[in-house]
Chemist: 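Let me give you the structure first, and then I'll get to my questions.
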Amino acid sequence: MKDIRRQLLILALYLILTFNLERLDLNGQTLINFRPYFYALVIAGILSMLVFPILQRTSIYILLALWGTAYTTLWLVYARENGLTHNLQIVIIQFIFLEASIWMTYELTNKLNQTESTLNSLITNIFPNRVMDMSSASKWIDNEMTRSRRHNHPLSVLIINPDSQQSDEKHPMFENLQREIMQHFAIARAGQILSESIRQTDLIIRDEKNQFIIIMPETDAMSSKVIAARIQDKFADKIGASMNWGTASFPDEALTFEDLVLRAQTDLFSQLGVQLPVQQAVARQSDNIDRRI
């Protein structure tokens with residue numbers, strides 16, 4: 001946390017310095033006059049680094065080269081008016097300031113990602129579970145779907161969306177951080193409960209919406225609903241929280257994993273009273289099954 005605070009302070013001081021250098025003057029003359037495209041590149045560089053995770057995983061040298069190329073291109077375009085050697089020292093200073101902004105923002109995002117990774121590891125050790133992400137589970141999903149088709153065995157998908165409960169005690173200054181940390185703990189605890197409630201042959205996946213997708217081989221529609229009800233009771237008993245769920249079964253309701261997830265999501269929506277996604281999904285499922293039959 002100290003490293004994050006230090007990086008934030010450095011970046012804040014840098015922005016204050018950059019956007020106020022033009023206010024400095026000597027004998028009524030401005031010492032430095034930055035071009036508008038320089039400010040636009042600084043803002044775009046910082047915001048893109050903070051918003052897009054793919055840039056945070058890119059090498060810093062590649063990022064410096066990309067933004068340096070963008071700056072050089074704009075400089076060449078605007079330099080046609082006055083010549084390449086006009087205010088060359090300002091051009092060099094702008095280039096250094098832009099590269100510094102990219103480097104400092106990269107260091108900040110790197111510290112934030114390291115802190116998040118450490119927090120996730122800590123929470124996982126506190127609440128061990130068998131939850132996988134979608135990319136790690138893709139091979140297992142393909143194997144289970146292939147086996148169910150080959151042997152004509154049932155397979156069910158259960159989507160669980162635990163209700164998030166916030167504490168009544170609010171600290172305005174740290175409200176967002178507090179909410180995020182509590183969400184991490186809640187997700188890990190929910191994953192632990194699910195791991196204890198299902199069979200070893202079942203697979204638990206967490207998607208990008210923090211919903212849990214459980215793949216249950218050799219399980220028909222009726223059995224999946226019984227399992228969902230049992231898990232719901234455990235949630236209420238162990239953490240005092242409710243959950244929303246939806247199920248879909250192969251081959252009665254859908255024939256592919258994607259359609260099973262969509263059908264289960266539709267079932268979940270229907271319990272929440274959402275109508276439009278349900279109608280669209282049901283129509284799609286019916287069309288798919290009719291075509292395949």
Side-chain angles (χ1 to χ4, degrees), residues 116-165 182-269 271 285:
E116 183 177 4
S117 178
T118 302
L119 177 62
N120 288 333
S121 299
L122 175 63
I123 294 174
T124 301
N125 290 332
I126 296 175
F127 301 123
N129 56 68
R130 296 192 281 125
V131 179
M132 306 172 66
D133 57 37
M134 191 64 73
S135 59
S136 302
S138 59
K139 182 179 179 181
W140 296 91
I141 294 171
D142 292 339
N143 291 340
E144 290 298 339
M145 292 300 300
T146 300
R147 190 172 67 86
S148 296
R149 291 193 188 97
R150 181 177 301 157
H151 301 288
N152 196 26
H153 288 176
L155 178 145
S156 291
V157 167
L158 171 64
I159 291 183
I160 292 178
N161 186 7
D163 285 344
S164 58
Q165 294 186 349
M182 292 305 297
Q183 184 182 32
H184 280 288
F185 273 96
I187 291 171
R189 178 56 174 149
Q192 183 185 45
I193 293 174
L194 291 175
S195 300
E196 297 171 351
S197 305
I198 63 175
R199 303 166 301 181
Q200 290 296 323
T201 54
D202 296 338
L203 183 66
I204 312 175
I205 306 166
R206 194 183 76 181
D207 65 8
E208 66 279 0
K209 299 177 183 177
N210 286 328
Q211 295 181 136
F212 294 97
I213 302 173
I214 304 177
I215 301 176
M216 300 178 289
E218 309 291 340
T219 305
D220 57 20
M222 184 60 67
S223 299
S224 67
K225 289 178 171 59
V226 173
I227 293 172
R230 185 173 70 242
I231 295 175
Q232 191 171 37
D233 291 339
K234 283 201 172 185
F235 266 78
D237 181 53
K238 293 194 172 185
I239 59 177
S242 61
M243 70 176 203
N244 302 309
W245 55 270
T247 63
S249 298
F250 170 90
D252 296 333
E253 296 176 279
L255 301 175
T256 67
F257 174 72
E258 291 77 11
D259 287 343
L260 282 169
V261 171
L262 180 59
R263 184 77 184 200
Q265 190 76 60
T266 299
D267 187 29
L268 187 151
F269 281 151
Q271 296 184 38
Q285 298 295 331

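None of the values given here were measured: they were computed from a predicted structure.
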Chemist: So do the side chains of D207 and V261 get within less than 4.5 Å of each other, counting heavy atoms only?
Modeler: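 D207 does not reach V261 side chain to side chain.
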Chemist: Determine whether a donor-acceptor pair (N or O, by modelled atom type, separation under 3.5 Å) exists between the side chain of R206 and the backbone of M134.
Modeler: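 Judged by distance alone, no pair lies under 3.5 Å.
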Chemist: Which residue, I159, I215, I214, forms the side-chain contact (heavy atoms from CB on, under 4.5 Å) with I205?
Modeler: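 Exactly one pass, corresponding to I215.
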Chemist: At what distance, to the nearest 0.5 angstrom, does OG1 of T146 lie from NE2 of H151?
Modeler: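 If I round to the nearest 0.5 Å, the distance is 10.0 Å.
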Chemist: Say you draw a straight line from CE of M216 to CD1 of I198; how long is it, rounded to the nearest 0.5 Å?
Modeler: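 Separation between the atoms: 8.5 Å.
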Chemist: Looking at every non-hydrogen atom in both residues, tell me the closest pair between A248 and A264 and how far apart they are.
Modeler: CB-N, 3.7 Å
Chemist: Between K139 and D142, does at least one N-O distance fall below 4.0 Å, as a salt bridge requires?
Modeler: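 Salt bridge between K139 and D142, a charged N being under 4.0 Å from a carboxylate O: no.
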Chemist: Salt-bridge test for R147 and E218: reply yes if a basic N is under 4.0 Å from a carboxylate O, no otherwise.
Modeler: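 Looking at E218 together with R147, the answer is yes, because their closest N to O distance falls below 4.0 Å.
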Chemist: Answer yes or no: is there a donor N or O on one side and an acceptor on the other, between the side chain of S223 and the main chain of T219, under 3.5 Å?
Modeler: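 The answer is no, because no donor-acceptor pair under 3.5 Å joins these two groups.
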Chemist: Working to the nearest 0.5 Å, report the span between CD1 of I141 and CD1 of I213.
Modeler: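 The distance works out to 7.5 Å.
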Chemist: If every non-hydrogen atom of L268 is compared with every non-hydrogen atom of N244, which pair is closest and at what distance?
Modeler: CD1-O, 3.8 Å
Chemist: Do F250 and H153 make a side-chain contact, defined as non-hydrogen atoms from C-beta onward lying under 4.5 Å apart?
Modeler: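 No - every pair of side-chain heavy atoms lies 4.5 Å or more apart.
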Chemist: Report the C-alpha separation of T256 and D259 in whole Å, then their side-chain angles, then the decisive distance to 0.1 Å, and conclude whether the side chain to side chain donor-acceptor pair (under 3.5 Å) test is met.
Modeler: CA-CA 5 Å; T256 67; D259 287 343; 3.3 Å; yes
Chemist: Which heavy atom in P154 sits nearest to a heavy atom in S148, and how many Å separate them?
Modeler: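 Distance-wise, the nearest heavy atoms are O-OG, 4.3 Å.
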Chemist: Are the side chain of S156 and the backbone of D220 linked by a donor-acceptor contact shorter than 3.5 Å?
Modeler: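 A pair under 3.5 Å: yes.
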Chemist: What is the distance from atom CG of N161 to atom CH2 of W245, rounded to the nearest 0.5 Å?
Modeler: 13.5 Å
Chemist: Ignoring hydrogens and geometry beyond distance, is a side-chain donor-acceptor pair present between S136 and D133 at under 3.5 Å?
Modeler: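 Their side chains do contain a donor-acceptor pair, which is all the 3.5 Å distance test asks for.
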Chemist: Taking side chain as C-beta onward, heavy atoms only, is L194 less than 4.5 Å from I231?
Modeler: yes
Chemist: If I compare all heavy atoms of F257 with all of M145, which pair ends up nearest, and what's the gap?
Modeler: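 Nearest heavy atoms, F257 then M145: N-CE, 3.7 Å.
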Chemist: If you take all heavy atoms of F212 and A190, which pair is closest and at what distance?
Modeler: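 Minimum heavy-atom contact is CE1-CB, 3.7 Å.
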Chemist: Counting only heavy atoms not in M222, do more than 12 sit closer than 6.0 Å to its CE atom?
Modeler: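 No, the 6.0 Å shell around CE holds no more than 12 heavy atoms from other groups.
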Chemist: For a quick test of reading the model, state the closest non-hydrogen atom pair linking K234 to S197 and the distance between them.
Modeler: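 Taking every non-hydrogen atom into account, CD-OG, 3.0 Å.
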Chemist: If we ignore hydrogens and angles and just use 3.5 Å, is the side chain of E253 paired with the main-chain N or O of S249 as donor and acceptor?
Modeler: yes
Chemist: Are R199 and D202 close enough, and set up right, to give a salt bridge (Lys or Arg N to Asp or Glu O under 4.0 Å), and what steps lead you there?
Modeler: CA-CA 5 Å; R199 303 166 301 181; D202 296 338; 2.8 Å; yes
Chemist: To the nearest 0.5 Å, what is the distance between CD1 (I204) and CD1 (I160)?
Modeler: 8.5 Å
